[in-house]
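Comments concern the structure below.
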There are 2 protein chains.
Amino acid sequence: MISKACQYGIRAAIFIASRRNDGIKLNVKQIACEVDAPEAFTAKILQELNKHRIITSLKGPYGGFFIEEFQLEQPVINIVNAIDGMSVFKECGLGLKQCSASHPCPMHDQYKIARDALQNAFQQTSIRHLALQVNEGSSFINNLVLKN
Amino acid sequence: MISKACQYGIRAAIFIASRRNDGIKLNVKQIACEVDAPEAFTAKILQELNKHRIITSLKGPYGGFFIEEFQLEQPVINIVNAIDGMSVFKECGLGLKQCSASHPCPMHDQYKIARDALQNAFQQTSIRHLALQVNEGSSFINNLVLKN
DNA sequence: TTTATAAAAGATGGTTTTATCTTTTATAAA
DNA sequence: TTTATAAAAGATAAAACCATCTTTTATAAA
């Protein structure tokens, strides 16, 4: 549905948001390790998220990545848009350029239900919302899934 | 959501079903041309669909591809399974191996709605059902979308 | 049985995505 | 101002996916 880069990006954003605390900054190494993603690849993804102002970065010593208060309210779809773009929410299930609401392919209506549900899942969920659900504990990735 | 190979495969199956008529057989060239897919790639995909008994092939002169009566009833998800596998309907939206119904990630419930809707779209639709919706006309691909 | 035909099978390229490595730039503390 | 640090930027590599080409196999008609 969404790319690995995008999944890493969402996990990274949740991690950064969940560790948000006064002026704390997290570096690529920590983030990549905690979200179980390759370090150099994570650096590229974080760079892209910073460009789109989904997270914020600061270079130099004591620098790193962090998320600002207003950025917490952003819907996760902003991350999807930054990395994969919005085409997954628009394209025909059979890959037909001719397909549209007025000229639907035979799968249009059924496929649209799934596509819209996916869009809603990412649109209705904010980064803050996700971060608040993370459990306490030493391993972020293991506490990203609920305990009970 | 699904691969290009899979989209080509579904389109090809619909085309073959829509042209089903006594003992008619269609060759790769015709099929690829009509469904607007690359010919050699289409050959590989049709080969795979034949292996999974989604369509039937016959080698040699007057040979080609066709679909049998019983094959028309198959749900489109069989094509997805043959080409992409079923993982898209099972995997976590954030790519977490740890995520499950009992240990859900923070997006689990919302994502599951979309994933299930996608599975339903392909499960509840048969090849016959799709073929019956195709319009009459010279260009299959243009008549795959409804006229009004 | 021979021949023509069309799919199957196998080998090979190209492109995109995933991933890594190196060099440059920004910044904060000493 | 110098130095150390961490992200940004750019170049490169590996893997997966998309696509093509060539050789082999099956089959139907002559």
Side-chain angles (χ1 to χ4, degrees), chain A residues 1-13 16 23-33 35-68 80 82-85 87-88 91 94-95, chain B residues 1-13 15-16 23-68 80 82-85 87-88 91 94-95:
Chain A
M1 307 265 241
I2 61 173
S3 69
K4 279 183 121 181
C6 197
Q7 293 177 337
Y8 295 154
I10 297 171
R11 272 146 58 182
I16 296 166
I24 198 176
K25 292 173 200 84
L26 301 157
N27 63 37
V28 173
K29 191 167 202 137
Q30 289 176 271
I31 297 168
C33 176
V35 306
D36 191 30
E39 189 178 323
F41 195 34
T42 302
K44 287 292 181 199
I45 295 161
L46 293 172
Q47 201 175 317
E48 201 61 28
L49 294 183
N50 176 57
K51 274 181 194 161
H52 281 80
R53 305 205 179 285
I54 289 158
I55 58 175
T56 304
S57 73
L58 192 69
K59 287 185 184 179
Y62 300 84
F65 294 92
F66 58 101
I67 191 161
E68 298 179 73
V80 179
I83 295 169
D84 286 354
S87 56
V88 70
E91 281 171 355
L94 304 183
Chain B
M1 307 266 242
I2 61 174
S3 68
K4 279 182 125 183
C6 196
Q7 294 178 337
Y8 294 154
I10 297 171
R11 271 147 56 182
F15 173 66
I16 296 166
I24 198 176
K25 293 172 199 83
L26 300 157
N27 63 37
V28 173
K29 192 167 203 140
Q30 288 174 271
I31 297 167
C33 177
E34 294 274 13
V35 307
D36 192 29
E39 189 178 324
F41 194 34
T42 302
K44 286 291 180 200
I45 294 161
L46 293 171
Q47 202 175 315
E48 201 62 29
L49 295 183
N50 176 57
K51 274 182 193 160
H52 281 78
R53 305 203 180 286
I54 289 158
I55 57 175
T56 304
S57 73
L58 192 69
K59 286 186 185 180
Y62 301 84
F65 295 91
F66 58 102
I67 191 161
E68 298 178 74
V80 178
I83 295 168
D84 286 353
S87 57
V88 70
E91 282 171 353
L94 304 183

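This structure is a prediction, so every number in the text was calculated from the model and none was measured. Within every chain, numbering begins at 1; the chains are lettered A, B, ... in the order of the sequence lines, protein sequences first and strands thereafter.
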Quiz prompt | Nearest-angstrom distance from the residue atom CD1 of B/I55 to C1' of C/dA8 | solution = 13 Å
Quiz prompt | Heavy-atom closest contact (A/F41 atom, A/A5 atom, distance) | solution = CZ-CB, 3.7 Å
Quiz item: Are any non-hydrogen side-chain atoms of A/M1 and B/V88 less than 4.5 angstrom apart?
Solution: yes
Exercise. Would you mind telling me which of B/I16, B/V35, B/I45 makes a side-chain contact (heavy atoms from CB on, under 4.5 Å) with B/R11?
Key: B/V35
Exercise. Would you please test A/H52 and A/E48 for side chain to side chain contact (heavy atoms under 4.5 Å, CB included) and show each step?
Key: CA-CA 6 Å; A/H52 281 80; A/E48 201 61 28; 3.4 Å; yes
Exercise. Kindly give the heavy-atom pair with the smallest separation between B/I67 and B/I54, and that separation in Å.
Key: CD1-O, 3.8 Å
Quiz prompt | Nearest-angstrom distance from the residue atom CD1 of B/I2 to P of D/dC17 | solution = 14 Å
Quiz item: Which residues in residues 39-54 of chain A have at least one heavy atom lying under 4.0 Å from any atom of DNA chain D?
Solution: A/K44, A/Q47, A/N50, A/K51
Self-check item: Heavy-atom pair with the smallest gap, counting every atom of A/Q7 and B/L94
Solution: CB-O, 3.6 Å
Exercise. Take the protein atom CE of A/M1 and the nucleotide atom P of C/dT17, then report the distance between them rounded to whole Å.
Key: 18 Å
Self-check item: Side-chain touch A/I83/A/S3, heavy atoms, less than 4.5 angstrom
Solution: yes
Practice problem: Starting at atom CG of B/D84, determine the distance to atom C1' of D/dC17, rounded to an integer number of angstrom. | Solution: 11 Å
Practice problem: Would you kindly give the CD1-to-P distance between B/I31 and C/dA8, to the nearest whole Å? | Solution: 10 Å
Using nucleotides 3-6 of chain C, report all nitrogen or oxygen pairs with the protein that are shorter than 3.5 Å.
residue	atom	partner	partner atom	Å
C/dT5	O2	B/P61	N	3.1
C/dA6	O4'	B/G60	O	3.0

Quiz prompt | Any side-chain heavy-atom pair of B/Q30 and B/N27 under 4.5 Å | solution = yes
Self-check item: Watson-Crick or G-U stems of DNA chain D, 3 or more pairs, under 3.5 Å, by first number
Solution: C:1-30 with D:1-30
Quiz prompt | Note, B/L26 side chain near B/F15 side chain (heavy atom, < 4.5 Å) | solution = yes
Exercise. Identify the two heavy atoms, one from B/A37 and one from B/T42, that lie closest to each other, and give their separation to 0.1 Å.
Key: CB-OG1, 3.3 Å
Quiz item: Which pair of heavy atoms, one from B/C6 and one from B/V80, lies closest together, and at what distance?
Solution: SG-CA, 3.5 Å
Quiz item: What's the OH-P distance between B/Y8 and D/dC17, to the nearest Å?
Solution: 15 Å
